[in-house]
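We name chains A, B, ... by the order of the sequence lines, and we start the count at 1 in each one.
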Amino acid sequence: MPPPLVRDPATLLPSLAAAPLLLLRALHAHLLVSGRLASPSHLATFVASLASSSSSHVAYARLVLPRRPATLLTHNALLRALARGPRPGLAFAAFRGLPLPPDHYSLNFLVRAATALAASAAAERRVPVPAEVYSPRLLVVSAHGAAVRWGHAADPHVQSGVVSMYAALGDVAGAQAAFAEIACPDVVCVTAMVGALAAGGDVDAARDLFDGMPLRDHVAWNAMIAGYVHVGRSREALRLFDEMQRVGAAVGEATLVSVLTACAQMGALDHGKWVHWYMRSRGMRMSVTLGTALVDMYSKCGAVASAMEVFESMDERNVYTWTSAVSGLAMNSMGLECLELFKRMESAGIQPNGVTFVAVLRGCSMAGLVDEGQACFDSMKNKHGVDPWLEHYGCMVDLYGRAGRLDDAINFINGMPVEPHEGVWGALLNASRIHNNVELGKYALDKLLAIESENDAAHVLLSNIYAGSQNWKGVSMVRGMMKAKGVKKVPGWSAVEVDGKVHEFFVGGKSHPRYKEIEMMLAEMSRRLRLQGYAANTKEVLFDIEEEEKEGAISLHSEKLALAFGLIVLPEGVEIRIVKNLRVCRDCHDYTKLISKVFDREIIMRDRNRFHHFKDGMCSCKDYW
DNA sequence: ATAGGGTTAG
């Protein structure tokens, strides 16, 4: 007998993915000769390894199985591997070909397969449907039906699987219906339902269910916190996290990832830093997911240096990590660094995807790197095989338009192989505003309103274009249009974090407990600015209908309130970080630049699209935004 | 002897 290839085939099996068929045959022979294939558990491992790798190996597994005594153990191993593999649809064929009646394990794997398909179909926006593949919904329904037909619908594993299967499909009602059928759902089933409701956007229903749980384990907490983050209710997410710690539930990686996402949404740097400290103090491993969430948090809090520090310290990075870092540099107007990092990503062999290209293109556009952006766009398809989305076309129009190449922008739109969407026209409209081109602005708005007639930001942009060219008639006409159509502007707010507490300010609002002091500080600010020769442009103020409702003087835009508050409470030398929900208006931008000089303060402002780093009377956006 | 719910980039 030849010497054995390996002592224990089980140790070799996981590395089979890339093995040539010949080697598989040799291993198969070895297993046969050594008698190991007679053991169902070894056969199961062999089959699972084969099936979870390439399709030719799956075929091989299918050849091996029928020659062996049929056991559910080995066939379930095939099902499991197929469900977890790159083509979960194959599990359905294998299920139909089972030589024995399926048990609750078989059903569970079938349900997992359908879940995987439904989830990837939801993630893919365009689902490629080869002839032999059925629609995700059909597969979900038939997997559910199979569970019922074979009498395994009462198994808790299957039950929770069915709930998350409908959730993966995006069918919350379906999940609810399946959940309602369960006589006594266990923690896992309820948690799955909480997750389904939260992911479907109905966090309040999820919360009701969560509150009613007699027993909540850490996963239930995580599901609920993630639900709040998902719909952007980050404050509630953080409040729940505090509560979770109070009751002593196990805080884990998934918890912190959600918490970091909440911090990123709010721009709560202190809180985010605390999470980072917490991780270190507990000796938690910096996993890809956790590291990526940290990079994202620091970027979205305007602390790019810290973001890059974390990025460089990570020992494993995936496309999410790279994209997050590239996007962080882009929104902090570090266009050159952003391009450089993207090139590093390419040479590291990480395949960029559509999201990555949105980030790079935005980086180029913010830094005015037109040629580089153009080259990226071309390489997207030619070099990386990524088909452009509408967003990418929008980025290109923004790239040309922002740089003042309006003709190129229009030519680009005319040359688009698909119908332009609102983002494309919005980019052209914004470019018209920056470059005061009324005619083009009107044209872009017409196109935009034909698609989305109640877009408030678009109306505001057009009004700004009129205001920019002193056309007050135009301004009031836009106002009239908005009134007639009942277009409501989103009210503006700004927030400042002080000692880990986030203070919110609303436009014209006087509700802050320290409003008296704020008012005095605003007066002091005006006084010192006047001394420096700054006078508010009252003519523009009069007609300014920025993205915020003008209730009183323009000095009451929410960022000015936040700025005044920051100057009061933050010690000298500490930068003021402001987060805004809308785009900053021209006057506030000029004002903040001057304050940064006169008060010798660094001011970091995140608006709805990007960061403005103010220092010494200048802004990192170079007045283009 | 095989299985469950929660987490990252626009």
Exercise for the section: Report yes if the distance between the aromatic ring centroids of A:Phe210 and A:Trp221 is under 6.0 Å, otherwise no. Expected result: yes
Practice task
Could you list the residues that satisfy salt bridge (Lys or Arg N to Asp or Glu O under 4.0 Å) with A:Glu243, not counting sequence neighbours?
Solution key: A:Arg246
Exercise for the section: Answer with yes or no whether A:Asn318 presents, from its side chain, a donor or acceptor under 3.5 Å of a partner atom in the base of B:dA9. Expected result: no
Problem - Separation of B:dA9 C1' from A:Met297 CE (nearest whole Å) - result: 15 Å
Completion exercise
side chain to side chain donor-acceptor pair (under 3.5 Å) filter on A:Asn609, not counting sequence neighbours, yields none
Fill in the blank from the handout: Those residues at least two apart in sequence (or on a different chain) that pass salt bridge (Lys or Arg N to Asp or Glu O under 4.0 Å) with A:Asp211 are A:Arg207
Handout entry: Set of salt bridge (Lys or Arg N to Asp or Glu O under 4.0 Å) partners for A:Glu312, sequence neighbours left out
Key = A:Arg317, A:Arg344
Handout entry: d(CD, A:Glu316; P, B:dT8) in whole Å
Key = 17 Å
Exercise for the section: Take nucleotides 1-7 of chain B nucleotide by nucleotide from the 5' end and write B, S or -, depending on whether a protein heavy atom sits under 4.0 Å from the base, only from the sugar-phosphate, or from neither. Expected result: BBBBBBB
Handout entry: Qualifying residues under side chain to side chain donor-acceptor pair (under 3.5 Å), relative to A:His144, sequence neighbours excluded
Key = A:Tyr166
Fill in the blank from the handout: A:Met314 CE to B:dA9 P, in whole Å, measures 13 Å
Exercise for the section: Grab the CD1-C1' distance between A:Ile350 and B:dA9 for me, whole Å please. Expected result: 13 Å
